[in-house]
Engineer: 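Structure below; questions to follow.
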Amino acid sequence: MKREYRTIEEVAGPLMLVRDVDGVKYDELGEIIMPDGSVRRCRVLEVNGSDVLVQLFESSAGLNLEYSKVRFTGHGVELPVSREMLGRVFNGMGEPIDGGAKLIPEAVRDINGTPINPASRKYPSEFIQTGVSTIDGLNTLVRGQKLPIFSGSGLPHANLAAQIARQAKVRGTDEKFAVVFAAIGITFEEADFFISDFKKTGAIDRTVLFINLASDAAIERISTPRMALTAAEYLAFDCNMHVLVIMTDITNYAEALREVSAARKEVPGRRGYPGYLYTDLATMYERAGRREGSDGSITMIPILTMPEDDKTHPIPDLTGYITEGQIILSREIYRKGYLPPVDVLPSLSRLKDKGIGEGRTREDHSGTMNQLFAAYARGKEAKELMVVLGESALTPIERLYAKFSDEFEKRYVGQGFYEDRTIEETLDLGWELLHILPKSEMKRIKPAILEKYW
(Lines give C-alpha, C1' and ligand atoms only; values in the text may rest on other atoms or scores of the structure.)
Protein backbone atom coordinates (compact mmCIF):
# COMPACT_ATOMS: atom_id res chain seq x y z
CA MET A 1 0.00 0.00 0.00
CA LYS A 2 1.42 3.40 -0.96
CA ARG A 3 1.83 5.83 1.93
CA GLU A 4 -0.26 8.97 1.90
CA TYR A 5 1.07 12.22 3.32
CA ARG A 6 -1.00 15.01 4.86
CA THR A 7 2.05 17.25 5.27
CA ILE A 8 1.52 19.81 2.48
CA GLU A 9 3.30 22.91 3.76
CA GLU A 10 2.66 25.50 1.06
CA VAL A 11 1.55 26.05 -2.54
CA ALA A 12 3.07 28.76 -4.77
CA GLY A 13 1.57 28.78 -8.27
CA PRO A 14 2.21 25.34 -9.80
CA LEU A 15 4.72 24.38 -7.05
CA MET A 16 3.90 22.57 -3.83
CA LEU A 17 6.12 21.75 -0.82
CA VAL A 18 5.51 18.48 1.08
CA ARG A 19 7.40 17.80 4.32
CA ASP A 20 8.44 14.59 6.18
CA VAL A 21 8.40 12.41 3.06
CA ASP A 22 10.30 9.13 2.93
CA GLY A 23 11.98 7.28 0.00
CA VAL A 24 10.88 9.54 -2.86
CA LYS A 25 13.01 9.95 -6.01
CA TYR A 26 13.55 12.85 -8.43
CA ASP A 27 11.10 12.88 -11.38
CA GLU A 28 8.70 10.49 -9.61
CA LEU A 29 5.00 10.83 -10.34
CA GLY A 30 2.73 11.85 -7.45
CA GLU A 31 -1.03 12.05 -6.95
CA ILE A 32 -2.84 14.68 -4.88
CA ILE A 33 -6.13 13.41 -3.46
CA MET A 34 -8.50 16.35 -2.98
CA PRO A 35 -11.10 16.45 -0.15
CA ASP A 36 -13.83 15.59 -2.70
CA GLY A 37 -11.93 12.47 -3.81
CA SER A 38 -10.75 13.84 -7.17
CA VAL A 39 -7.10 13.26 -8.09
CA ARG A 40 -4.56 15.71 -9.57
CA ARG A 41 -1.12 14.66 -10.69
CA CYS A 42 2.29 16.15 -9.93
CA ARG A 43 5.95 15.42 -10.54
CA VAL A 44 8.87 15.57 -8.09
CA LEU A 45 11.15 18.48 -8.99
CA GLU A 46 13.47 18.50 -6.00
CA VAL A 47 14.24 16.31 -2.98
CA ASN A 48 15.95 17.96 -0.01
CA GLY A 49 16.25 15.55 2.92
CA SER A 50 12.64 14.74 3.83
CA ASP A 51 11.27 17.84 2.06
CA VAL A 52 9.94 17.34 -1.47
CA LEU A 53 9.10 20.06 -4.00
CA VAL A 54 6.55 18.93 -6.59
CA GLN A 55 5.07 20.61 -9.66
CA LEU A 56 1.41 20.15 -10.51
CA PHE A 57 0.25 19.05 -13.95
CA GLU A 58 -3.15 20.66 -13.38
CA SER A 59 -3.94 24.01 -11.72
CA SER A 60 -3.61 24.45 -7.95
CA ALA A 61 -6.97 26.26 -7.71
CA GLY A 62 -9.20 24.94 -4.92
CA LEU A 63 -6.39 23.00 -3.20
CA ASN A 64 -7.02 22.74 0.56
CA LEU A 65 -3.68 22.23 2.36
CA GLU A 66 -5.22 20.83 5.51
CA TYR A 67 -7.50 18.18 4.00
CA SER A 68 -5.60 17.21 0.83
CA LYS A 69 -3.32 14.16 0.77
CA VAL A 70 -0.31 13.27 -1.42
CA ARG A 71 0.86 9.81 -2.41
CA PHE A 72 3.86 8.91 -4.62
CA THR A 73 3.63 6.16 -7.24
CA GLY A 74 7.22 4.88 -7.12
CA HIS A 75 7.77 5.44 -10.88
CA GLY A 76 8.14 8.31 -13.34
CA VAL A 77 5.58 9.38 -15.95
CA GLU A 78 4.64 6.32 -18.03
CA LEU A 79 2.79 5.73 -21.29
CA PRO A 80 0.74 2.61 -22.06
CA VAL A 81 1.64 1.62 -25.64
CA SER A 82 -0.07 -0.58 -28.21
CA ARG A 83 -0.48 -0.93 -31.99
CA GLU A 84 -4.02 0.30 -31.44
CA MET A 85 -2.61 3.82 -30.88
CA LEU A 86 -2.66 4.39 -34.65
CA GLY A 87 -5.62 6.52 -35.62
CA ARG A 88 -6.09 7.86 -32.08
CA VAL A 89 -5.77 11.35 -30.55
CA PHE A 90 -4.20 11.80 -27.07
CA ASN A 91 -3.51 14.76 -24.82
CA GLY A 92 0.00 15.68 -23.62
CA MET A 93 -0.24 13.12 -20.80
CA GLY A 94 -1.11 10.22 -23.11
CA GLU A 95 -4.86 10.07 -22.30
CA PRO A 96 -7.30 9.56 -25.22
CA ILE A 97 -9.25 12.74 -26.06
CA ASP A 98 -11.02 11.53 -29.21
CA GLY A 99 -14.01 10.03 -27.40
CA GLY A 100 -12.79 6.48 -28.11
CA ALA A 101 -12.29 3.64 -25.63
CA LYS A 102 -9.25 3.48 -23.34
CA LEU A 103 -6.27 1.59 -24.78
CA ILE A 104 -5.57 -1.96 -23.70
CA PRO A 105 -1.78 -1.64 -23.42
CA GLU A 106 0.64 -4.20 -24.82
CA ALA A 107 3.34 -2.61 -22.64
CA VAL A 108 3.87 0.35 -20.31
CA ARG A 109 7.01 2.45 -20.94
CA ASP A 110 8.74 5.23 -18.99
CA ILE A 111 8.62 8.31 -21.22
CA ASN A 112 12.22 9.29 -20.38
CA GLY A 113 13.69 6.74 -22.76
CA THR A 114 17.40 6.71 -23.50
CA PRO A 115 19.05 8.00 -26.69
CA ILE A 116 20.20 5.29 -29.13
CA ASN A 117 23.65 3.95 -28.28
CA PRO A 118 26.08 5.27 -30.97
CA ALA A 119 27.67 1.83 -31.26
CA SER A 120 24.36 0.23 -32.27
CA ARG A 121 23.25 2.95 -34.72
CA LYS A 122 22.82 2.09 -38.39
CA TYR A 123 23.76 4.78 -40.92
CA PRO A 124 20.73 6.54 -42.48
CA SER A 125 20.62 5.73 -46.21
CA GLU A 126 17.05 5.30 -47.49
CA PHE A 127 15.14 8.05 -49.23
CA ILE A 128 11.82 9.24 -47.75
CA GLN A 129 9.54 10.93 -50.29
CA THR A 130 7.65 13.86 -48.72
CA GLY A 131 6.05 15.00 -52.00
CA VAL A 132 7.53 18.50 -51.48
CA SER A 133 9.98 19.39 -54.30
CA THR A 134 12.22 21.71 -52.25
CA ILE A 135 12.79 18.91 -49.70
CA ASP A 136 12.87 15.84 -52.00
CA GLY A 137 14.87 17.44 -54.81
CA LEU A 138 17.30 19.70 -52.97
CA ASN A 139 17.32 18.82 -49.23
CA THR A 140 16.48 15.14 -49.30
CA LEU A 141 15.13 13.52 -46.13
CA VAL A 142 16.68 10.14 -45.30
CA ARG A 143 15.26 7.41 -43.06
CA GLY A 144 16.61 7.84 -39.51
CA GLN A 145 17.54 11.52 -40.01
CA LYS A 146 16.70 14.51 -37.80
CA LEU A 147 15.78 17.40 -40.12
CA PRO A 148 14.25 20.44 -38.38
CA ILE A 149 12.12 23.14 -40.02
CA PHE A 150 13.01 26.67 -38.90
CA SER A 151 10.03 28.98 -39.27
CA GLY A 152 8.93 32.43 -38.12
CA SER A 153 5.76 33.52 -36.38
CA GLY A 154 2.91 33.86 -38.86
CA LEU A 155 4.51 31.59 -41.49
CA PRO A 156 2.47 28.51 -42.51
CA HIS A 157 4.65 25.85 -40.86
CA ALA A 158 1.52 24.08 -39.54
CA ASN A 159 0.30 23.54 -43.13
CA LEU A 160 3.72 22.21 -44.18
CA ALA A 161 3.78 19.86 -41.16
CA ALA A 162 0.32 18.53 -42.05
CA GLN A 163 1.37 18.16 -45.72
CA ILE A 164 4.48 16.11 -44.82
CA ALA A 165 2.46 13.96 -42.39
CA ARG A 166 -0.12 13.27 -45.14
CA GLN A 167 2.27 12.61 -48.01
CA ALA A 168 5.45 11.05 -46.57
CA LYS A 169 6.27 7.51 -47.67
CA VAL A 170 9.19 5.11 -48.09
CA ARG A 171 9.20 4.10 -51.75
CA GLY A 172 9.66 0.67 -53.22
CA THR A 173 8.92 -1.21 -50.01
CA ASP A 174 5.76 -2.69 -48.57
CA GLU A 175 7.02 -1.98 -45.06
CA LYS A 176 4.62 -0.29 -42.69
CA PHE A 177 4.89 3.49 -42.37
CA ALA A 178 3.45 5.47 -39.45
CA VAL A 179 3.44 9.11 -38.37
CA VAL A 180 3.60 10.26 -34.75
CA PHE A 181 2.53 13.89 -34.54
CA ALA A 182 3.18 15.92 -31.38
CA ALA A 183 1.64 19.39 -31.17
CA ILE A 184 3.19 21.28 -28.25
CA GLY A 185 1.56 24.36 -26.73
CA ILE A 186 -0.67 25.10 -29.72
CA THR A 187 -3.97 26.99 -29.78
CA PHE A 188 -7.33 25.22 -29.93
CA GLU A 189 -7.76 26.49 -33.51
CA GLU A 190 -4.47 24.86 -34.62
CA ALA A 191 -5.37 21.61 -32.83
CA ASP A 192 -8.70 21.58 -34.65
CA PHE A 193 -6.90 22.19 -37.99
CA PHE A 194 -4.55 19.21 -37.51
CA ILE A 195 -7.24 16.78 -36.32
CA SER A 196 -9.76 17.69 -39.03
CA ASP A 197 -7.09 17.75 -41.79
CA PHE A 198 -5.85 14.26 -40.86
CA LYS A 199 -9.41 12.90 -40.63
CA LYS A 200 -10.51 14.52 -43.91
CA THR A 201 -7.56 13.13 -45.91
CA GLY A 202 -7.53 9.71 -44.23
CA ALA A 203 -3.99 10.25 -42.90
CA ILE A 204 -5.32 9.73 -39.36
CA ASP A 205 -5.39 5.93 -39.96
CA ARG A 206 -1.59 5.71 -39.80
CA THR A 207 -1.07 8.62 -37.38
CA VAL A 208 -0.81 8.89 -33.60
CA LEU A 209 -1.62 12.44 -32.47
CA PHE A 210 -0.51 13.99 -29.18
CA ILE A 211 -2.13 17.41 -28.68
CA ASN A 212 -0.97 19.73 -25.90
CA LEU A 213 -2.86 23.03 -25.82
CA ALA A 214 -1.44 26.42 -24.82
CA SER A 215 -3.90 26.44 -21.89
CA ASP A 216 -2.44 23.22 -20.42
CA ALA A 217 0.16 23.27 -17.64
CA ALA A 218 3.80 24.02 -18.58
CA ILE A 219 4.97 20.73 -17.12
CA GLU A 220 2.64 18.82 -19.48
CA ARG A 221 4.35 20.64 -22.36
CA ILE A 222 7.66 19.08 -21.25
CA SER A 223 6.22 15.56 -21.27
CA THR A 224 4.37 15.78 -24.65
CA PRO A 225 7.37 15.28 -27.01
CA ARG A 226 8.64 12.46 -24.79
CA MET A 227 5.23 10.77 -24.91
CA ALA A 228 5.37 10.98 -28.72
CA LEU A 229 8.91 9.56 -28.86
CA THR A 230 7.97 6.70 -26.50
CA ALA A 231 5.06 5.78 -28.80
CA ALA A 232 7.40 6.08 -31.83
CA GLU A 233 10.03 3.82 -30.22
CA TYR A 234 7.42 1.15 -29.56
CA LEU A 235 6.08 1.27 -33.15
CA ALA A 236 9.59 1.38 -34.66
CA PHE A 237 11.60 -1.07 -32.57
CA ASP A 238 8.86 -3.42 -31.29
CA CYS A 239 6.53 -3.40 -34.32
CA ASN A 240 9.29 -2.85 -36.97
CA MET A 241 7.59 0.16 -38.59
CA HIS A 242 9.13 3.22 -40.28
CA VAL A 243 8.03 6.08 -38.05
CA LEU A 244 8.13 9.76 -38.93
CA VAL A 245 7.93 11.97 -35.81
CA ILE A 246 6.81 15.56 -36.41
CA MET A 247 6.95 17.93 -33.44
CA THR A 248 5.59 21.47 -33.54
CA ASP A 249 6.51 23.81 -31.87
CA ILE A 250 9.83 23.16 -30.07
CA THR A 251 10.00 26.87 -29.12
CA ASN A 252 6.92 26.35 -26.89
CA TYR A 253 8.69 23.36 -25.31
CA ALA A 254 11.81 25.45 -24.54
CA GLU A 255 9.65 28.26 -23.09
CA ALA A 256 8.02 25.71 -20.74
CA LEU A 257 11.47 24.47 -19.75
CA ARG A 258 12.48 28.06 -18.95
CA GLU A 259 9.31 28.51 -16.88
CA VAL A 260 10.00 25.39 -14.78
CA SER A 261 13.66 26.38 -14.41
CA ALA A 262 12.69 29.85 -13.15
CA ALA A 263 10.21 28.31 -10.68
CA ARG A 264 13.05 26.18 -9.28
CA LYS A 265 15.21 29.34 -8.98
CA GLU A 266 17.98 27.87 -11.16
CA VAL A 267 20.75 30.11 -12.49
CA PRO A 268 19.62 31.19 -15.98
CA GLY A 269 21.79 30.84 -19.10
CA ARG A 270 21.49 32.60 -22.47
CA ARG A 271 18.26 34.68 -22.76
CA GLY A 272 16.99 33.20 -19.49
CA TYR A 273 16.89 29.60 -20.79
CA PRO A 274 18.40 27.01 -18.44
CA GLY A 275 22.08 26.18 -18.98
CA TYR A 276 21.16 22.56 -19.74
CA LEU A 277 18.89 23.44 -22.73
CA TYR A 278 21.40 21.85 -25.17
CA THR A 279 21.55 18.59 -23.20
CA ASP A 280 17.80 18.53 -22.75
CA LEU A 281 17.10 18.96 -26.48
CA ALA A 282 19.75 16.34 -27.29
CA THR A 283 18.06 13.75 -25.01
CA MET A 284 14.99 14.10 -27.26
CA TYR A 285 16.56 14.46 -30.71
CA GLU A 286 19.02 11.60 -30.20
CA ARG A 287 16.18 9.11 -29.68
CA ALA A 288 15.67 9.22 -33.47
CA GLY A 289 17.59 6.96 -35.83
CA ARG A 290 18.00 3.35 -36.93
CA ARG A 291 19.13 0.55 -34.66
CA GLU A 292 21.17 -2.58 -35.45
CA GLY A 293 19.03 -5.69 -35.30
CA SER A 294 15.78 -3.84 -35.98
CA ASP A 295 14.06 -3.12 -39.30
CA GLY A 296 12.20 -0.14 -37.85
CA SER A 297 13.41 3.44 -37.75
CA ILE A 298 12.52 6.85 -36.33
CA THR A 299 12.91 9.88 -38.59
CA MET A 300 12.31 13.23 -36.91
CA ILE A 301 11.13 16.62 -38.18
CA PRO A 302 11.06 19.08 -35.26
CA ILE A 303 9.48 22.43 -36.20
CA LEU A 304 10.43 25.59 -34.35
CA THR A 305 9.52 29.24 -34.74
CA MET A 306 12.56 31.49 -34.46
CA PRO A 307 11.80 34.48 -32.19
CA GLU A 308 12.20 37.64 -34.34
CA ASP A 309 13.29 35.35 -37.24
CA ASP A 310 16.70 35.15 -35.53
CA LYS A 311 18.74 32.06 -36.54
CA THR A 312 21.22 32.80 -33.74
CA HIS A 313 18.55 32.57 -31.02
CA PRO A 314 19.47 29.78 -28.54
CA ILE A 315 16.69 27.39 -29.64
CA PRO A 316 17.46 27.22 -33.42
CA ASP A 317 21.16 27.63 -32.68
CA LEU A 318 21.37 24.59 -30.37
CA THR A 319 18.95 22.56 -32.52
CA GLY A 320 21.24 23.15 -35.53
CA TYR A 321 24.19 21.66 -33.62
CA ILE A 322 22.34 18.44 -32.74
CA THR A 323 20.42 17.75 -35.96
CA GLU A 324 21.53 16.96 -39.52
CA GLY A 325 20.62 20.15 -41.34
CA GLN A 326 17.62 22.48 -41.43
CA ILE A 327 14.80 23.58 -43.75
CA ILE A 328 14.29 27.36 -43.44
CA LEU A 329 11.01 29.09 -44.29
CA SER A 330 11.29 32.58 -45.77
CA ARG A 331 9.06 35.58 -45.16
CA GLU A 332 10.12 37.08 -48.52
CA ILE A 333 8.98 34.00 -50.49
CA TYR A 334 5.77 33.86 -48.43
CA ARG A 335 5.01 37.49 -49.38
CA LYS A 336 5.38 36.54 -53.06
CA GLY A 337 2.64 33.96 -52.49
CA TYR A 338 4.72 30.81 -53.14
CA LEU A 339 3.79 27.95 -50.81
CA PRO A 340 5.38 26.21 -48.98
CA PRO A 341 7.76 29.21 -48.63
CA VAL A 342 11.02 27.23 -48.33
CA ASP A 343 14.18 29.34 -48.61
CA VAL A 344 16.37 27.01 -50.66
CA LEU A 345 19.79 28.66 -50.31
CA PRO A 346 20.30 28.61 -46.51
CA SER A 347 18.44 25.26 -46.16
CA LEU A 348 20.57 22.15 -45.88
CA SER A 349 20.24 18.41 -45.42
CA ARG A 350 23.62 17.02 -44.35
CA LEU A 351 22.65 13.47 -45.32
CA LYS A 352 21.07 14.25 -48.72
CA ASP A 353 23.86 12.60 -50.73
CA LYS A 354 23.33 9.33 -48.76
CA GLY A 355 19.74 8.84 -49.89
CA ILE A 356 19.87 9.75 -53.58
CA GLY A 357 21.18 8.28 -56.83
CA GLU A 358 20.50 5.15 -58.83
CA GLY A 359 18.49 2.53 -56.95
CA ARG A 360 17.25 5.11 -54.47
CA THR A 361 15.88 8.04 -56.49
CA ARG A 362 17.39 8.42 -59.98
CA GLU A 363 20.90 8.61 -61.41
CA ASP A 364 20.51 12.30 -62.41
CA HIS A 365 19.44 13.47 -58.94
CA SER A 366 22.84 14.56 -57.62
CA GLY A 367 23.84 16.51 -60.74
CA THR A 368 20.51 18.30 -61.21
CA MET A 369 20.39 19.17 -57.49
CA ASN A 370 23.79 20.86 -57.63
CA GLN A 371 23.01 22.56 -60.96
CA LEU A 372 19.64 23.94 -59.78
CA PHE A 373 21.18 25.19 -56.56
CA ALA A 374 24.05 26.94 -58.37
CA ALA A 375 21.75 28.43 -61.04
CA TYR A 376 19.30 29.74 -58.43
CA ALA A 377 22.13 31.31 -56.40
CA ARG A 378 23.48 33.03 -59.54
CA GLY A 379 19.97 34.13 -60.52
CA LYS A 380 19.46 35.75 -57.10
CA GLU A 381 22.76 37.65 -57.54
CA ALA A 382 21.63 38.84 -61.00
CA LYS A 383 18.34 40.03 -59.51
CA GLU A 384 20.19 42.01 -56.83
CA LEU A 385 22.38 43.61 -59.51
CA MET A 386 19.26 44.45 -61.50
CA VAL A 387 17.84 46.35 -58.50
CA VAL A 388 21.01 48.45 -58.18
CA LEU A 389 22.05 48.95 -61.83
CA GLY A 390 18.86 48.32 -63.80
CA GLU A 391 18.14 45.47 -66.22
CA SER A 392 20.04 47.09 -69.10
CA ALA A 393 23.32 46.69 -67.20
CA LEU A 394 23.02 42.88 -67.15
CA THR A 395 24.63 40.62 -69.77
CA PRO A 396 22.26 38.37 -71.80
CA ILE A 397 23.30 35.31 -69.77
CA GLU A 398 22.67 37.14 -66.48
CA ARG A 399 19.19 38.03 -67.70
CA LEU A 400 18.55 34.34 -68.37
CA TYR A 401 19.69 33.50 -64.84
CA ALA A 402 17.37 36.19 -63.43
CA LYS A 403 14.50 34.68 -65.45
CA PHE A 404 15.46 31.20 -64.19
CA SER A 405 15.35 32.47 -60.58
CA ASP A 406 11.78 33.79 -61.03
CA GLU A 407 10.55 30.61 -62.74
CA PHE A 408 12.26 28.41 -60.16
CA GLU A 409 10.46 30.16 -57.28
CA LYS A 410 7.14 30.15 -59.12
CA ARG A 411 7.09 26.53 -60.30
CA TYR A 412 9.59 24.53 -58.22
CA VAL A 413 9.18 26.20 -54.80
CA GLY A 414 5.52 27.14 -55.27
CA GLN A 415 3.49 23.94 -55.39
CA GLY A 416 0.80 24.55 -52.76
CA PHE A 417 -0.02 22.40 -49.75
CA TYR A 418 -2.13 19.80 -51.56
CA GLU A 419 0.10 18.81 -54.49
CA ASP A 420 1.95 15.55 -53.88
CA ARG A 421 4.86 15.29 -56.35
CA THR A 422 6.74 12.05 -56.90
CA ILE A 423 10.54 12.32 -57.03
CA GLU A 424 10.38 11.67 -60.82
CA GLU A 425 8.02 14.65 -61.26
CA THR A 426 10.35 16.83 -59.17
CA LEU A 427 13.44 15.78 -61.18
CA ASP A 428 11.65 16.25 -64.52
CA LEU A 429 10.52 19.71 -63.45
CA GLY A 430 14.15 20.51 -62.58
CA TRP A 431 15.26 19.56 -66.12
CA GLU A 432 12.42 21.63 -67.59
CA LEU A 433 13.58 24.71 -65.67
CA LEU A 434 17.24 24.14 -66.61
CA HIS A 435 16.19 24.42 -70.28
CA ILE A 436 15.82 28.18 -69.68
CA LEU A 437 19.64 28.25 -69.66
CA PRO A 438 21.94 27.21 -72.53
CA LYS A 439 23.32 23.67 -72.46
CA SER A 440 26.87 25.07 -72.13
CA GLU A 441 25.99 26.35 -68.62
CA MET A 442 25.35 22.81 -67.30
CA LYS A 443 28.79 22.54 -65.69
CA ARG A 444 27.73 20.51 -62.64
CA ILE A 445 26.11 17.60 -64.47
CA LYS A 446 28.23 14.73 -65.83
CA PRO A 447 28.34 14.74 -69.67
CA ALA A 448 26.83 11.23 -69.95
CA ILE A 449 23.85 12.16 -67.76
CA LEU A 450 23.43 15.47 -69.57
CA GLU A 451 23.28 13.71 -72.98
CA LYS A 452 20.75 11.17 -71.65
CA TYR A 453 18.32 13.62 -70.02
CA TRP A 454 18.77 16.91 -71.92
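Remember, it's a predicted structure, so these values are computed and weren't measured experimentally.
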Engineer: Over all heavy atoms of both residues, which pair between E391 and R399 is shortest? Give the atoms and the distance, please.
Structural biologist: O-NE, 3.5 Å
Engineer: Can a donor-acceptor pair be found between the side chains of R226 and T283 at a distance below 3.5 Å?
Structural biologist: yes
Engineer: Do H313 and Y273 have ring centres separated by under 6.0 Å?
Structural biologist: yes
Engineer: So, for L400 and P438, which heavy atoms are closest and what is the spacing to 0.1 Å?
Structural biologist: CD1-CD, 3.8 Å
Engineer: Please determine which of I219, N112, D27, I111 meets the side chain to side chain contact (heavy atoms under 4.5 Å, CB included) test together with V77.
Structural biologist: I111
Engineer: For a 4.5 angstrom cut-off between non-hydrogen side-chain atoms, does K169 reach I128?
Structural biologist: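 Of all side-chain heavy-atom pairs linking I128 with K169, none is under 4.5 Å.
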Engineer: Shortest non-hydrogen contact from R143 to S297?
Structural biologist: NE-OG, 2.7 Å
Engineer: With no hydrogens and no angle check, is any side-chain donor or acceptor of H435 less than 3.5 Å from a backbone partner on W454?
Structural biologist: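 Looks like yes, one N/O pair under 3.5 Å.
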Engineer: Can you sort out the partners of R206 under side chain to side chain donor-acceptor pair (under 3.5 Å), two or more places apart, ordered by chain and number?
Structural biologist: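 With neighbours one apart ignored, the set is empty.
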Engineer: Quick one: are R221 and E255 in side-chain contact, heavy atoms under 4.5 Å?
Structural biologist: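 In short, these two side chains do not touch, never coming nearer than 4.5 Å.
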Engineer: Should Q371 and L434 count as side-chain neighbours, where that means a heavy-atom distance under 4.5 Å?
Structural biologist: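 Q371 vs L434: side chains touch.
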Engineer: Any side-chain heavy atom of L277 within less than 4.5 Å of one from L318?
Structural biologist: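 They are in side-chain contact.
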Engineer: Run E28 and R43 through salt bridge (charged side-chain N to carboxylate O under 4.0 Å, His left out) and show every step you take.
Structural biologist: CA-CA 6 Å; E28 195 172 316; R43 193 184 82 174; over 6 Å; no
Engineer: Looking at L429, is its backbone amide N or carbonyl O close enough to the side chain of R411 to form a donor-acceptor pair, meaning the two atoms are under 3.5 Å apart?
Structural biologist: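 Side chain of R411 to backbone of L429, a donor-acceptor pair under 3.5 Å: no, none is there.
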Engineer: Grab the two heavy atoms, one from P316 and one from L304, that are nearest each other, plus how far apart they are.
Structural biologist: CB-CD1, 3.8 Å
Engineer: Please give me the minimum heavy-atom distance between E425 and D420, naming the atom from each residue.
Structural biologist: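 Minimum heavy-atom separation between E425 and D420: OE1-O, 3.9 Å.
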Engineer: Which residues pass the side chain to side chain donor-acceptor pair (under 3.5 Å) test with K452, not counting sequence neighbours?
Structural biologist: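 For K452 the side chain to side chain donor-acceptor pair (under 3.5 Å) partners, ignoring immediate neighbours, are E363.
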Engineer: Kindly write out the residues that satisfy side chain to side chain donor-acceptor pair (under 3.5 Å) with R287, not counting sequence neighbours, or none if the list is empty.
Structural biologist: T230, E233
Engineer: Can a donor-acceptor pair be found, under 3.5 Å and without considering hydrogens, that links the side chain of R88 to the backbone of A101?
Structural biologist: yes
Engineer: Mark yes or no for whether Q129, through its side chain, and I423, through its backbone, hold a donor-acceptor pair below 3.5 Å.
Structural biologist: yes
Engineer: Do the ring centers of Y401 and Y376 come within less than 6.0 Å of each other?
Structural biologist: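 Between Y376 and Y401, which both carry aromatic rings, the centre distance is not below 6.0 Å.
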Engineer: Does N370 have any side chain to side chain donor-acceptor pair (under 3.5 Å) partners at least two apart in sequence or in another chain, and if so, which?
Structural biologist: none
Engineer: Would you please say whether a donor-acceptor pair under 3.5 Å links the side chains of T312 and D317?
Structural biologist: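 Their side chains do not contain a donor-acceptor pair, so the 3.5 Å distance test is not met.
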Engineer: Check the orientation of F194 and F198. Use parallel for under 30°, tilted for 30 to 60°, and perpendicular for over 60°.
Structural biologist: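 Rings of F194 and F198: tilted, 30 to 60°.
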Engineer: Is it the case that T319 and Y285 place a side-chain donor and acceptor less than 3.5 Å from each other?
Structural biologist: yes
Engineer: In terms of side-chain heavy atoms, does R421 have a donor or acceptor partner in T426 at a distance below 3.5 Å?
Structural biologist: no
Engineer: Determine whether a donor-acceptor pair (N or O, by modelled atom type, separation under 3.5 Å) exists between the side chain of T251 and the backbone of T305.
Structural biologist: yes
Engineer: Using distance alone, with no hydrogens and no angle criterion, decide if T130 and Q167 have a side-chain donor and acceptor under 3.5 Å apart.
Structural biologist: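 Side-chain D/A pair, T130 to Q167: absent.
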Engineer: Using atom types as modelled, flag every donor-acceptor pair under 3.5 Å from a side chain in residues 348-357 to any protein atom, sequence neighbours excluded.
Structural biologist:
unit_1 : atom_1 : unit_2 : atom_2 : d
S349   : OG     : T140   : O      : 2.8
S349   : OG     : Q145   : NE2    : 3.0
R350   : NH1    : T323   : O      : 2.8

Engineer: What is the minimum heavy-atom distance between K122 and S294, and which atoms define it?
Structural biologist: NZ-O, 3.6 Å
Engineer: Could you check whether any side-chain heavy atom of R264 comes within less than 4.5 Å of a side-chain heavy atom of V260, counting everything from C-beta outward?
Structural biologist: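 A side-chain contact under 4.5 Å exists here.
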Engineer: Side chain of R331, backbone of P341: donor and acceptor closer than 3.5 Å?
Structural biologist: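 Flag not set: sc R331 to bb P341 has no pair under 3.5 Å.
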Engineer: Mind checking whether F210 and F90 have parallel, tilted or perpendicular rings, split at 30° and 60°?
Structural biologist: parallel
Engineer: Output every pair passing salt bridge (charged side-chain N to carboxylate O under 4.0 Å, His left out) with a member in residues 289-307, not counting sequence neighbours, ordered by first then second residue.
Structural biologist: E126-R290
Engineer: Any side-chain heavy atom of I246 sitting closer than 4.5 Å to one from I303?
Structural biologist: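 With C-beta onward as the side chain, the pair touches.
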